[in-house]
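Chain letters run A, B, ... following the sequence lines, proteins first, then strands; residues in each count from 1.
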Protein chains: 2
Amino acid sequence: MDDHINLKKTGLKATLPRLKVLSIFENSKDRHLSAEDVYKVMISSGDEVGLATIYRVLTQFEQAGLLIKHHFESGKAVFELNQKSHHDHIVCTQCGYVQEFLNNDIERIQEQVANSLDFKIIDHSLYISADCTKKACSRRIDKKNR
Amino acid sequence: MDDHINLKKTGLKATLPRLKVLSIFENSKDRHLSAEDVYKVMISSGDEVGLATIYRVLTQFEQAGLLIKHHFESGKAVFELNQKSHHDHIVCTQCGYVQEFLNNDIERIQEQVANSLDFKIIDHSLYISADCTKKACSRRIDKKNR
DNA sequence: GTATATGCAAAACTTTTGCATCCTT
DNA sequence: AAGGATGCAAAAGTTTTGCATATAC
């Protein structure tokens, strides 16, 4: 809520497409959406919008720090809200479910490793592809289209 | 060397394009190459080859376990030889240098985390984008084209 | 009113596919 | 000889861009 405020901070005008995109990320049960995903939601809710606008808005939001962009293993980018603190991802190869996690030991060791190799970390992404075991896969959501 | 032997194990015929692709990965100073990269090397060395063939060969090699495919953050896939044991990557945002590393603690903790969340890991990739500090960046190689 | 944002269409880029021809076995 | 592999061109998928119109401030 109060997306206007978020947008104001970025210097971007509070236009209808932008507000709608934010609200989709805030209300979607799936935190990780591609441009196409967002576009489909808007179209099927009756908005007149172009896919190009979605791409532009997503890119602007990423640069403004509102969204984070991931590539995972699919060749198409997905975005998620940047409200939450940093975390990594496990993606089920069977049902597409995305499990977020954070492990402070992993975070800390990464820093040590990078430092010892004379790198200063800007960002990192740990992406695990895995199979849900029975229990986890019962969280199954609508299958991703790939 | 002895790429014929490697190929034989995969059931793929030892054709000229396939042998050449393998040799490029073996001899290139950059272990991480895109389809376009490989294509350019072959074209500029006088081979008559189609980009489609490169994509087919790379995909076959990946399925055969000869190559590993990464997506990093660029939207285009890069491949590397699978000779070495598993490792993760730090990529310098300044010069494109790719530093490989392996940390057994990180590997072990990943397994624990995935298990505790009811996932069975199939694969993972830890990708760190970072700046070389002075010392590391002196390893600077030809800038990537993006 | 002015600058910015949008929608549409076209283009750019990466990757895949169909098909006739060629090459390995 | 036979099946698989290649090259070319065309298509498919994702993302970007040009431009006239519409919108927010």
Side-chain angles (χ1 to χ4, degrees), chain A residues 3-22 24 32-64 66-67 69-79 144-146, chain B residues 3-22 24 32-64 66-67 69-79 144-146:
Chain A
D3 291 335
H4 284 80
I5 294 172
N6 284 329
L7 277 181
K8 213 143 216 167
K9 285 189 286 193
T10 68
L12 298 170
K13 287 183 182 170
T15 63
L16 226 50
R18 288 189 182 135
L19 292 170
K20 193 68 187 285
V21 168
L22 271 191
I24 287 171
H32 303 82
L33 303 172
S34 67
E36 184 88 28
D37 292 335
V38 174
Y39 177 69
K40 281 183 188 159
V41 172
M42 291 184 71
I43 289 298
S44 57
S45 79
D47 292 325
E48 296 220 347
V49 71
L51 189 50
T53 300
I54 307 295
Y55 275 103
R56 276 186 289 234
V57 168
L58 292 176
T59 303
Q60 290 157 347
F61 284 2
E62 189 205 0
Q63 284 164 356
L66 266 54
L67 295 177
K69 186 180 190 175
H70 301 284
H71 277 89
F72 292 172
E73 298 298 301
S74 71
K76 74 193 296 184
V78 300
F79 295 80
K144 290 300 168 52
N145 40 9
R146 43 173 308 282
Chain B
D3 291 334
H4 285 81
I5 294 171
N6 285 328
L7 277 180
K8 212 144 216 165
K9 283 189 286 190
T10 68
L12 298 169
K13 287 183 181 171
T15 63
L16 227 49
R18 288 190 182 134
L19 292 169
K20 192 69 186 287
V21 168
L22 271 191
I24 288 172
H32 303 82
L33 304 172
S34 67
E36 184 87 30
D37 292 336
V38 174
Y39 177 69
K40 281 183 187 159
V41 172
M42 292 184 70
I43 290 298
S44 57
S45 80
D47 292 325
E48 295 219 347
V49 71
L51 189 49
T53 300
I54 307 294
Y55 275 102
R56 275 186 289 236
V57 169
L58 291 178
T59 302
Q60 290 158 345
F61 283 2
E62 189 205 359
Q63 284 164 356
L66 266 54
L67 294 178
K69 185 180 192 174
H70 301 284
H71 276 90
F72 292 172
E73 297 297 300
S74 72
K76 72 195 297 184
V78 300
F79 296 80
K144 290 298 169 51
N145 42 8
R146 43 174 318 280

To the nearest angstrom, how far is [X] atom [atom1] from [N] atom [atom2]?
X       : N      : atom1 : atom2 : value
A/His71 : D/dG13 : NE2   : P     : 18 Å
A/Lys20 : D/dA24 : NZ    : C1'   : 19 Å
A/Lys8  : D/dC25 : NZ    : C1'   : 9 Å
B/Asp37 : C/dC13 : CG    : P     : 15 Å
B/Lys40 : C/dT14 : NZ    : P     : 9 Å
A/Tyr39 : C/dT6  : OH    : P     : 15 Å
A/Met42 : C/dG7  : CE    : C1'   : 12 Å
A/Arg18 : D/dT23 : CZ    : P     : 15 Å

- [ ] May I ask you to list the residues of residues 45-58 of chain B, by number, that have any heavy atom positioned under 4.0 Å from an atom of DNA chain D?
- [x] B/Glu48, B/Val49, B/Gly50, B/Ala52, B/Thr53, B/Arg56
Polar-atom pairs under 3.5 Å, protein N or O versus N or O of nucleotides 1-3 of chain D: list them with distances, or write none.
{"from": "D/dG3", "atom 1": "N2", "to": "B/Lys13", "atom 2": "NZ", "distance (Å)": "3.1"}

Residue pair [X] / [Y]: nearest heavy atoms and the distance that separates them:
X       : Y       : answer
A/Leu19 : A/Ala14 : CD1-O, 4.1 Å
A/Tyr39 : A/Gly50 : CE1-C, 3.9 Å
A/Ile54 : A/Met42 : CD1-SD, 3.5 Å
A/Ala64 : A/Thr10 : CB-CG2, 3.6 Å
A/Thr53 : A/Pro17 : CG2-CB, 4.0 Å

TODO: Hey, could you give me the CZ/CZ distance between A/Arg56 and A/Phe61, rounded to the nearest 0.5 Å?
DONE: 13.5 Å
Task: Atom pair CD1 (B/Ile24) and CZ (B/Phe79), whose distance is rounded to the nearest 0.5 Å - done: 13.5 Å
Task: Nucleotide nearest B/Thr15 when distance is taken to its side chain, options D/dC25, D/dT6, C/dT6 - done: D/dT6
Open item on the list: If you only use heavy atoms from C-beta on, which nucleotide in C/dT16, D/dT6, D/dT14 is closest to the side chain of A/Lys76?
Closed with: D/dT14
- [ ] State whether the side chain of B/Arg18 and the backbone N or O of B/Lys13 hold a donor-acceptor pair below 3.5 Å, judged by distance alone.
- [x] yes
Open item on the list: Both B/Ala77 and B/Leu12 contact DNA chain C. Which one's nearest nucleotide lies toward the 5' end?
Closed with: B/Ala77
TODO: Give me the one residue out of B/Leu66, B/Leu67, B/Thr59 that meets side chain to side chain contact (heavy atoms under 4.5 Å, CB included) with B/Gln63.
DONE: B/Thr59
